[in-house]
S.K.: 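Here it is: the structure, laid out below.
Computed from a predicted structure; not experimentally measured. Side-chain atoms are counted along with the backbone in the values below, which use heavy atoms only and exclude waters and symmetry mates.
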Amino acid sequence: MSAPSRNPAQPAHPAQPVVDQEPAPARTGDGTAAATAPGYRAGRTLPLRVEAVRQLKRRRTLVMGAILAALPFVLIAAFAIGGTPDGRGNDRITLMDTATASGANFAATCLFVSAGFLLVVPVALFCGDTVASEASWSSLRYLLAAPVPRARLLWSKLAVALSFSAAAMLLLPVVALAAGTAAYGWGPLRLPTGGSLATADTVPRLALVVAFIFVSQLVTAGLAFWLSTKTDAPLGAVGGAVGLTIIGNVLDAVTALGSWRDFLPAHWQFAWADALQPQLEWGGMLKGSAVSVTYALVLFALAFRGFSRKDIVS
């Protein structure tokens with residue numbers, strides 16, 4: 001008996017119907033889906049508010065804020081126990097010699113004793129713990145699968161880290177100014193070399209000092225952020241940034257380098273002292289800002305370039 005003839009219009013395998021498949025969504029360069037889903041906007045992923053709240057609730061943020069806020073009270077207690085500083089036995093006159101002259105002098109002294117190292121720590125901590133902490137928690141891959149574009153993730157974390165760093169640098173002088181005024185009274189800022197700044201000029205000059213210190217610490221921020229994209233160990237990124245900053249300070253102390261020290265960010269870290277002079281001088285602060293911003297932009301660019309090619313699933 002011959003087999004029944006097959007209708008050419010029927011499929012060869014009727015038990016396996018042909019299903020029209022939609023093409024797979026296009027992929028961006030960082031492996032996330034392109035903005036083809038309804039309502040998806042890359043610029044709306046990982047809002048700054050969400051990232052800021054996450055970082056604010058971190059224990060290390062609260063601890064660092066408590067340390068910076070406590071420093072002025074520690075110095076007030078030290079002056080109360082040890083007596084008023086008079087500069088005897090010192091070869092040079094510093095802001096420490098006039099620390100108790102007024103609240104403004106006390107705030108300037110707190111910046112003087114902390115700018116070299118203490119204020120480096122929160123910058124390195126906030127910028128070095130950003131991406132590396134996500135990698136150590138194995139949550140980085142899930143953030144990128146949200147999908148959050150890699151550039152958007154880095155911009156959000158960098159903006160929040162720099163904002164927290166600026167807040168840390170602002171917290172110290174604000175608390176010091178309030179505590180110093182309560183302890184030593186309000187008045188003009190007395191200069192160690194003689195003379196004083198007018199009371200109306202005191203706060204703007206201190207604000208300029210804080211702004212320059214923040215700009216000078218952008219190098220540390222860049223180092224920490226770049227290292228944070230290269231490792232999944234947050235302490236490694238933070239410690240590496242602090243260590244390299246210390247090495248820069250050591251190199252600046254080598255006078256044999258001569259004019260080469262002008263290219264070291266550490267060489268200009270105390271140029272803000274020019275703002276606490278009767279006649280404001282901009283030369284040193286402008287040079288220091290140019291050096292710091294240049295290094296920082298290069299380091300930030302390296303961080304973005306390296307992270308865009310990094311395998312985050314291994």
Side-chain angles (χ1 to χ4, degrees), residues 51 54-55 58-65 67-68 114-141 143-144 150-151 153-169 213-254 257 260-261 263-270 288-289 291-312 314:
E51 179 65 18
R54 290 179 60 204
Q55 298 300 327
R58 297 278 304 276
R59 181 177 300 176
R60 48 92 162 148
T61 304
L62 302 177
V63 170
M64 181 54 61
I67 292 175
L68 292 174
S114 59
F117 179 75
L118 181 60
L119 291 180
V120 174
V121 177
V123 176
L125 181 63
F126 293 137
C127 295
D129 192 48
T130 51
V131 182
S133 61
E134 298 284 359
S136 66
W137 298 333
S138 298
S139 58
L140 186 59
R141 67 189 67 178
L143 279 175
L144 295 179
R150 296 194 181 198
L153 183 140
L154 287 187
W155 276 120
S156 297
K157 289 189 171 294
L158 178 60
V160 172
L162 291 178
S163 299
F164 274 63
S165 300
M169 293 187 183
I213 293 176
F214 174 73
V215 173
S216 66
Q217 294 297 338
L218 287 178
V219 179
T220 301
L223 282 170
F225 192 69
W226 174 59
L227 292 174
S228 184
T229 62
K230 305 296 288 186
T231 180
D232 58 357
L235 288 180
V238 176
V242 174
L244 290 174
T245 302
I246 294 175
I247 291 176
N249 292 336
V250 173
L251 290 176
D252 182 58
V254 180
L257 291 176
W260 286 102
R261 294 188 301 163
F263 298 97
L264 295 174
H267 185 67
W268 307 99
Q269 63 178 334
F270 289 106
S289 298
V291 172
S292 297
V293 170
T294 300
Y295 277 102
L297 289 178
V298 172
L299 291 167
F300 290 147
L302 289 176
F304 276 83
R305 182 177 183 272
F307 190 71
S308 65
R309 305 178 179 183
K310 184 178 180 180
D311 180 12
I312 53 91
S314 60

S.K.: So, taking the atom named CG in L299 and the one named CG in L223, what distance separates them when rounded to the nearest 0.5 Å?
M.R.: 5.0 Å

S.K.: With rounding to the nearest 0.5 angstrom, report the CZ to CH2 distance, F300 to W155.
M.R.: 8.5 Å

S.K.: Write down the atom of L162, the atom of A221, and the distance for their closest heavy-atom approach.
M.R.: CD2-CB, 3.9 Å

S.K.: Taking all atoms of both residues into account, what is the closest heavy-atom pair of F270 and A115, and its distance?
M.R.: CE2-CB, 4.3 Å

S.K.: Can you confirm whether more than 12 heavy atoms, excluding those of L235, are under 6.0 Å from its CG atom?
M.R.: no

S.K.: If you compare all heavy atoms of D129 against all heavy atoms of P234, which two are closest, and at what distance to 0.1 Å?
M.R.: OD1-CB, 3.0 Å

S.K.: Excluding sequence neighbours, so at least two apart, what forms side-chain hydrogen bond (donor to acceptor under 3.5 Å, both in side chains) with D232?
M.R.: none

S.K.: Once you round to the nearest 0.5 Å, how far does CG of L125 lie from OG of S165?
M.R.: 8.5 Å

S.K.: Got a sec, which residues hit side chain to side chain contact (heavy atoms under 4.5 Å, CB included) with V63, two or more places apart in sequence or on another chain?
M.R.: R59, I67

S.K.: Can you tell me if S228 uses its side chain to pair, donor with acceptor, with the backbone of A132 under 3.5 Å?
M.R.: yes

S.K.: Go through the steps for M64 and F164 under the test side chain to side chain contact (heavy atoms under 4.5 Å, CB included), then give the verdict.
M.R.: CA-CA 11 Å; M64 181 54 61; F164 274 63; over 6 Å; no

S.K.: According to the side-chain hydrogen bond (donor to acceptor under 3.5 Å, both in side chains) rule, which pairs have a member within residues 118-127, sequence neighbours left out?
M.R.: none

S.K.: List in chain and number order the residues that pass side chain to side chain contact (heavy atoms under 4.5 Å, CB included) with T229, two or more places apart in sequence or in another chain; answer none if no residue qualifies.
M.R.: V131, L154, W226, A303, F307

S.K.: Would you name the heavy atoms of A224 and A124 that are closest together and state the gap between them?
M.R.: CB-O, 3.7 Å

S.K.: Can you name the nearest heavy-atom pair linking V123 to M169, along with the distance?
M.R.: CG2-CE, 3.3 Å

S.K.: Can you sort out the partners of L251 under side chain to side chain contact (heavy atoms under 4.5 Å, CB included), two or more places apart, ordered by chain and number?
M.R.: I247, L257, L264

S.K.: Any chance you could measure L218, atom CG, to C127, atom SG, to the nearest 0.5 Å?
M.R.: 8.5 Å

S.K.: First locate atom CG of L227, then atom OG1 of T231, and finally report the distance between them rounded to the nearest 0.5 Å.
M.R.: 8.0 Å

S.K.: Check Q269 against G116 and note the closest heavy-atom contact, atom names and distance.
M.R.: OE1-CA, 4.0 Å

S.K.: To the nearest 0.5 Å, what is the distance between CZ on F263 and OG1 on T294?
M.R.: 10.5 Å

S.K.: Is there side-chain contact between L158 and T130, with at least one heavy-atom pair below 4.5 Å?
M.R.: no

S.K.: Under 4.5 Å between any side-chain heavy atoms of P265 and Y295, yes or no?
M.R.: yes

S.K.: Has R261 got a side-chain atom pairing as donor or acceptor with D252's backbone, closer than 3.5 angstrom?
M.R.: yes

S.K.: Any sub-3.5 Å donor-acceptor pair from S308's side-chain atoms to R305's backbone N or O?
M.R.: yes

S.K.: Where do T220 and T245 land on the side-chain hydrogen bond (donor to acceptor under 3.5 Å, both in side chains) test, with the steps shown first?
M.R.: CA-CA 7 Å; T220 301; T245 302; 3.0 Å; yes

S.K.: Can you name the side chain to side chain contact (heavy atoms under 4.5 Å, CB included) partners of F117, sequence neighbours left out?
M.R.: V121, V242, I246

S.K.: Between S156 and L153, is there a donor-acceptor pair closer than 3.5 Å when you use the side chain of the first and the backbone of the second?
M.R.: no

